[in-house]
Amino acid sequence: MVQGAGGLEENMPRRGRKERDPEDSEPKLAKRDEADPKSPLDFSTPEKLFESLISPVTSDTFFRDYWETKPLLLQGRDPAFAAYYQTLFRLLDLKHIAGGSIYYERDVNVFKCKDGKKISLPRHGKATYLHLLKDFGSGKATIQFHQPQRFNDALWHIIEKLECFFGALVGSNIYITPQDSQGLPAHYDDVEVFILQLEGEKRWRLYSPVVPLARDYSVVPEDQIGSPTHDFVLKPGDLLYFPRGVIHQAQALPGSSHSTHVTISTYQNNSWSDYLQDLLPGILFDAAKENIDLRRGIPRQQMLSMDTPGVAQQLSSLLTTVVKGLESHRHIRSFEMLRDFMGSRLPPFLDNKEPGQTTGMPPKLHSAAQLLYRDYAFFTVDHIAEESNAAAELVVYVYHSLKNSRETHMMGMQDEERPVTGLRFPLPYVSALKQIWESESVCIGKLPLERDEDKENLALSLWTEGLLAVV
């Protein structure tokens with residue numbers, strides 16, 4: 001752990017992502033020869049980006065009538081959507097990407113659907129464009145390309161803004177399907193899904209969920225899915241949304257060109273159940289400090305028994321007491337979910353510089369300063385992460401995504417954890433951080449800290465991380 005100017009910069013563990021072989025060259029999309037059409041999307045704020053993505057439906061209407069409830073189909077929109085979508089990813093882009101080093105399983109999969117079952121082609125090692133094209137053409141296999149935002153700047157821009165909007169991880173996959181072919185059988189997913197049709201046409205059939213808001217992926221046999229609730233053809237520029245749990249299948253039409261669409265997904269493991277699992281340890285720890293009944297020992301041999309009289313009633317009584325105490329709780333701490341999100345999300349999209357670089361002169365006591373990258377930084381209060389002692393002191397953690405890796409975004413979980421950088425401050429700094437976060441600009445000398453040295457050190461720590469600028 002390194003002592004920074006007033007703050008502690010430390011390696012904060014989070015769930016790992018698969019790393020790229022350092023000997024591999026990084027594949028990138030080639031520059032378009034023709035001028036790309038103007039985007040119909042508004043990137044000025046995360047809220048405006050989402051609203052323009054689902055235009056003409058408003059965000060209020062979407063979350064009231066469709067989110068986690070029913071599908072939304074947007075067709076026949078402004079032709080600018082079709083022109084722009086076709087620049088996001090094309091079959092030919094695989095030629096440029098495969099010119100670098102991409103691998104089966106990690107970066108790309110090929111599969112097809114036969115008799116209601118997914119058949120994955122046994123491909124391993126580096127993927128070449130010729131091999132992909134052979135499976136796609138003569139093999140009638142669908143190509144699935146993982147997380148294209150690693151290579152395509154426009155998708156990077158869209159997805160990092162959506163992560164700001166949802167406050168949750170957002171991933172994507174490209175599906176390229178030959179004409180008169182189907183890649184996947186009828187199934188449902190554990191994510192909220194947005195489909196953007198990029199090339200060609202594809203027939204979609206949606207069915208009522210057997211598990212609404214499902215927490216798992218599952219294939220559903222044809223004889224169990226019933227009749228479609230929706231049956232339509234997506235064309236370039238169209239958008240489809242459906243909640244997790246909705247059964248769906250899609251087929252590229254015969255006699256047409258191939259179909260390309262991008263699936264943008266979010267809200268995996270982001271339910272109240274997941275949130276409670278993250279919150280409860282902190283809630284119970286705080287409640288036990290004030291309630292002696294929570295500190296009393298459990299009945300003798302309770303862990304060895306499956307049916308001890310009165311235990312269920314006692315648990316109900318204790319939990320009721322804890323729930324009542326939440327009403328006076330001023331700060332409910334989410335720690336693991338927050339750390340995973342802030343450490344795993346995309347860095348901000350910038351045209352002209354790397355995020356996290358210092359800006360201008362360092363702040364002094366007389367300086368007015370403002371927070372940068374407000375949508376990409378957050379602070380919270382919790383116990384020192386590396387302390388197993390339940391009595392460990394409370395500190396303030398500042399998390400940000402400025403130094404996150406675009407190249408490994410959403411590329412699969414690993415058992416081991418790898419570090420993510422952030423700042424740690426003493427608990428008395430929390431009011432000063434709150435003022436910085438909630439103000440357009442602040443005078444460093446007026447921050448609510450007792451010592452001028454602490455005020456200057458706090459500002460310098462944030463400036464060094466690229467989070468603060470003098471105005």
Side-chain angles (χ1 to χ4, degrees), residues 1-14 17 43-46 49 149-150 153 156-157 159-165 167 169 338-381 385 395-409 418-426 429-430 432-445 447 449 453-471:
M1 185 181 301
V2 180
Q3 176 73 49
L8 293 175
E9 181 168 342
E10 62 173 346
N11 289 331
M12 300 179 186
R14 68 172 172 89
R17 304 289 172 186
F43 290 93
S44 57
T45 68
L49 181 278
Q149 66 273 14
R150 296 175 292 147
D153 285 352
W156 172 20
H157 204 181
I159 289 174
E160 65 94 342
K161 277 289 188 289
L162 289 177
E163 288 186 327
C164 294
F165 178 77
L169 292 174
L338 173 63
R339 284 199 301 176
D340 186 51
F341 171 56
M342 295 303 296
S344 304
R345 63 188 293 194
L346 279 167
F349 175 84
L350 296 174
D351 280 324
N352 53 4
K353 70 170 187 173
E354 289 291 325
Q357 294 179 347
T358 55
T359 301
M361 298 297 293
K364 303 293 184 181
L365 276 177
H366 64 271
S367 302
Q370 66 179 186
L371 181 69
L372 303 176
Y373 305 108
R374 191 180 305 272
D375 291 322
Y376 307 89
F378 190 79
F379 70 91
T380 188
V381 175
V395 293
V396 187
Y397 290 97
V398 173
Y399 299 100
H400 65 80
S401 61
L402 305 191
K403 300 176 183 178
N404 287 6
S405 169
R406 171 194 180 187
E407 286 73 22
T408 57
H409 181 247
R418 74 176 187 184
V420 55
T421 56
L423 294 171
R424 192 179 81 198
F425 298 99
Y429 281 54
V430 67
L433 285 165
K434 185 176 181 180
Q435 183 174 331
I436 292 171
W437 251 254
E438 293 179 351
S439 305
E440 285 298 318
S441 65
V442 294
C443 177
I444 303 304
L447 289 173
L449 288 167
E453 179 185 359
D454 291 336
K455 299 174 185 178
E456 203 163 4
N457 283 342
L458 169 60
L460 186 59
S461 295
L462 295 174
W463 176 82
T464 302
E465 286 289 289
L467 289 171
L468 201 70
V470 175
V471 295

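Positions are given from 1 along the sequence. Computed from a prediction, not measured in an experiment: that's the story for all the values here.
Side chains of P348 and L402 form a contact here, defined as non-hydrogen atoms less than 4.5 Å apart.
Between the OH atom of Y373 and the NE2 atom of H400 there is a distance of 11.0 Å, given to the nearest 0.5 Å. Taken from CG in D375 to CZ in R345, the straight-line distance is 7.5 Å, to the nearest 0.5 Å. Taking CD of E456 as the start and CG of L449 as the end, the distance is 12.0 Å to the nearest 0.5 Å. Note that CG of L338 is 6.0 Å distant from CZ of F378, once rounded to the nearest 0.5 Å. Atom CH2 of W156 sits about 10.5 Å away from atom NZ of K161, to the nearest 0.5 Å. Between atom SG of residue C443 and atom CG of residue L365 there is a gap of 8.0 Å, rounded to the nearest 0.5 Å.
Ring geometry for F349 versus H157: interplanar angle under 30°, hence parallel rather than tilted (30 to 60°).
Annotation for E438 and R374: closest pair N-NH1, 4.1 Å, computed over non-hydrogen atoms.
Screening I444, L462, V471 against P363 for a side-chain contact (heavy atoms from CB on, under 4.5 Å) leaves a single residue, I444.
Checking side-chain atoms of R406 against main-chain N and O of P347 turns up no donor-acceptor pair under 3.5 Å. Put simply, the side chain of S405 gets close to the backbone of E407: a donor and an acceptor are under 3.5 Å apart.
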Inset, instruction - May I have the step-by-step check of side-chain contact (heavy atoms from CB on, under 4.5 Å) for V398 and L467, ending in yes or no? - result: CA-CA 10 Å; V398 173; L467 289 171; 4.1 Å; yes
Inset, instruction - Determine, stepwise, if the pair C164 / E160 fulfils side-chain contact (heavy atoms from CB on, under 4.5 Å). - result: CA-CA 6 Å; C164 294; E160 65 94 342; 4.1 Å; yes
Legend entry - Verdict with reasoning, I436 to L458, per side-chain contact (heavy atoms from CB on, under 4.5 Å): CA-CA 10 Å; I436 292 171; L458 169 60; 4.1 Å; yes
Inset, instruction - Test V430 against F379 for side-chain contact (heavy atoms from CB on, under 4.5 Å), laying out the working first. - result: CA-CA 9 Å; V430 67; F379 70 91; 3.9 Å; yes
